[in-house]
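Please read the structure below before turning to the comments.
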Amino acid sequence: MFVNVYFPFSGFLSTQEAIERRNHLFTLEKKRQHEKVGRIEKIEVRYKGIPKDCTLVMNKGISTPYDCARHLTEWHVDSSALALIDGSIYWDMHRPLNENCTLELQNFTVAEPQQVNKAFWRTCSFLLGACATVAFKDTVPVRLHSFPGPDIRSGSFVYDIDLPTLEDWKPTPQELFTITAEYVKLCRRDLPVERLEVSEELAKEMFIDNPHKVKQVPSIASRHGNITLYRVGNHVDISKGPMIANTAQVGKCTIASVHKLVGPPDGDVKQLYRFQGVALPTSVMLNHFAFSILVNRARKLNPVWSPVGTSDRGEPIVDDVRTVSATA
Amino acid sequence: MNQAEVSKLVSKLRIKIPNEPRKLRNIKGPEGRLDKLRKTVTGLFKYERIELNYSRGDEARQYAERLISEAIRHGDCHKPTMEAANYWLLEKELIHKLFKVLVPRFQDCNTAYTSIINAPRAINTRSTEKVVLELKGNPYPPLVNKQMNNKLLIQNVLLDAAKYDYRQSKYREMAEKIGITDEIKPTTNKDENRTNQIQLNDNKLTEN
């Protein structure tokens with residue numbers, strides 16, 4: 001249990017220590033939940049799709065859609081990004097199945113890929129948070145704030161990050177290039193995106209070094225009961241999900257820009273940096289010129305909802321959204 | 001004068017036939033060339049999808065098309081057709097496959113019976129051009145993804161939004177030139193519809 005690894009001075013953790021600690025707590029909790037399953041029961045999963053429909057007998061509470069894909073072919077394992085349970089519920093590839101169900105595997109080229117695209121965009125934001133925490137030197141504390149829901153038409157995925165020691169930072173092209181390199185390195189590590197539901201107390205304990213997340217945890221818990229966490233490598237973050245199966249499914253990507261967002265003087269968040277990027281799945285081949293159009297668009301400030309409410313140009317961002325959708 | 005029309009003697013193929021046959025260099029000369037092609041045609045009928053060099057693939061394709069076309073035209077009671085099938089198919093069970101499987105499959109087909117697709121080639125090598133030659137209607141997964149025009153694919157969504165954004169910036173420029181600065185005219189009816197769609201589909205903001 002997490003009580004065993006209580007740190008008395010957790011308010012003074014360095015970024016790296018905090019990451020390791022969160023990762024450790026995640027591992028312990030995952031192990032605990034796995035052991036809680038107890039006596040193994042079997043469920044029947046009816047698979048629909050190519051090469052042919054079939055029934056798989058899997059372990060209740062342990063087997064995931066990913067395990068089902070491994071019974072089929074390597075192509076299913078590599079290309080499936082999301083599972084569709086009973087024809088209606090979108091399920092993470094690494095989330096255990098709990099009852100008899102039908103299963104369809106979704107990749108990026110299915111006829112109706114909206115949900116897969118959203119999961120992809122959400123995962124990209126999540127990974128952006130992961131690489132931003134490791135991209136800075138130890139002297140720069142990085143406090144992740146949150147990322148808005150996936151909006152693909154806005155042209156870029158976003159993570160809002162608090163950098164308390166950097167007052168007025170404008171990244172040079174070289175710095176952006178470095179963050180992009182970190183992002184590519186993370187994706188190439190071929191890591192699974194793990195999911196875990198934890199209680200409110202444990203989530204607070206895990207994010208004790210991050211004041212923003214500590215504030216968000218109770219409000220999320222009051223709405224959804226539990227807190228859903230995701231892990232890639234040793235990075236753990238809160239997200240509603242679902243997410244895609246593996247970081248290797250993220251192909252071409254660029255971190256395009258970082259914009260400063262200034263909050264109202266009486267608000268609890270004074271300023272945030274909005275990291276923006278654009279990425280495509282590995283299976284998508286796009287001409288570099290077309291991709292450069294997407295990158296250029298991603299350089300502009302993304303007007304989706306932000307926790308501080310205004311951009312550094314002094315305009316309220318939420319209103320910006322409304323003007324864009326009403327007139328443009 | 002009383003010359004018969006060629007198209008009544010031999011059926012017209014639906015692929016492009018070059019004027020000269022290829023030589024397909026080998027030790028035994030023309031006979032060796034035919035041996036090579038017979039092997040390839042047999043392989044194509046047996047496996048239904050094969051990968052080979054372009055020149056041999058393209059040459060064998062013409063003979064395979066001719067054979068299927070004759071088989072459909074004359075059926076299995078026609079002696080010259082049967083002889084041709086016997087000559088081109090080295091494995092004799094494939095003759096049954098030709099008349100009992102492929103003829104029914106292609107009877108109502110109004111395009112070519114085979115397709116030839118460029119295969120990937122290792123970069124920075126001097127290897128010859130590779131192709132994949134296949135019989136249509138084979139049981140394998142398709143090689144060409146025809147769904148790339150799907151509007152909902154992520155790259156198409158992104159490009160469409162970028163295009164829309166660009167067009168709006170142009171409209172804004174035009175409006176500024178004319179002198180209307182306060183309000184941008186809504187464009188066409190189609191664009192408005194799309195805007196509504198965007199609001200419905202993508203502007204649903206959810207926490208995290």
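The model shown is predicted, which means the values in this text are computed figures rather than measured ones. Letters go in sequence order (proteins before strands), and every chain restarts at 1.
- Other residues, nucleotides and ligands place no more than 12 heavy atoms under 6.0 Å from the CZ atom of B:Arg25.
- Atom OH of B:Tyr47 has 12 or fewer neighbouring heavy atoms from other residues, nucleotides or ligands inside a 6.0 Å radius.
- With rounding to the nearest 0.5 Å, the separation of CG in A:Asn117 from CD in B:Gln155 is 8.5 Å.
- Judged purely by atom type and a 3.5 angstrom limit, B:Asn150 has no side-chain atom pairing as donor or acceptor with the backbone of A:Glu112.
- Counting non-hydrogen atoms of other residues, nucleotides and ligands closer than 6.0 Å to CZ of A:Phe289 gives a total of 12 or fewer.
- A:Ile293 places none of its side-chain heavy atoms less than 4.5 Å from the side chain of B:Lys163.
- Of all the listed residues (A:Ala111, A:Ser154, A:Gly155, A:Pro51), the one sharing the greatest number of non-hydrogen pairs under 4.5 Å with chain B is A:Ala111.
- Remark: A:Tyr90 OH is packed, more than 12 non-hydrogen atoms of other residues, nucleotides or ligands lying under 6.0 Å away.
- With a 6.0 Å radius and a threshold of 12 heavy atoms from other residues, nucleotides or ligands, B:Gln107 has its CD atom above the threshold.
- For A:Val110, the part lying under 4.5 angstrom from a heavy atom of chain B is the backbone only.
- Across all non-hydrogen atoms, the minimal contact from A:Pro281 to B:Ile154 is CD-CG2, 3.5 Å.
- Residue A:Phe126: no heavy atom, backbone or side chain, is found under 4.5 Å from chain B.
- Atom NZ of B:Lys136 is surrounded by more than 12 heavy atoms from other residues, nucleotides or ligands within 6.0 Å.
- B:Leu158 is not listed as a side-chain neighbour of A:Arg153, based on a closest heavy-atom distance of 4.5 Å or more.
- The two residues B:Leu153 and A:Phe108 have their closest heavy-atom pair at CD2-O, 3.2 Å.
- Chosen from B:Ser169, B:Pro141, B:Ala162, the residue pairing most often with chain A at heavy-atom distances under 4.5 Å is B:Ala162.
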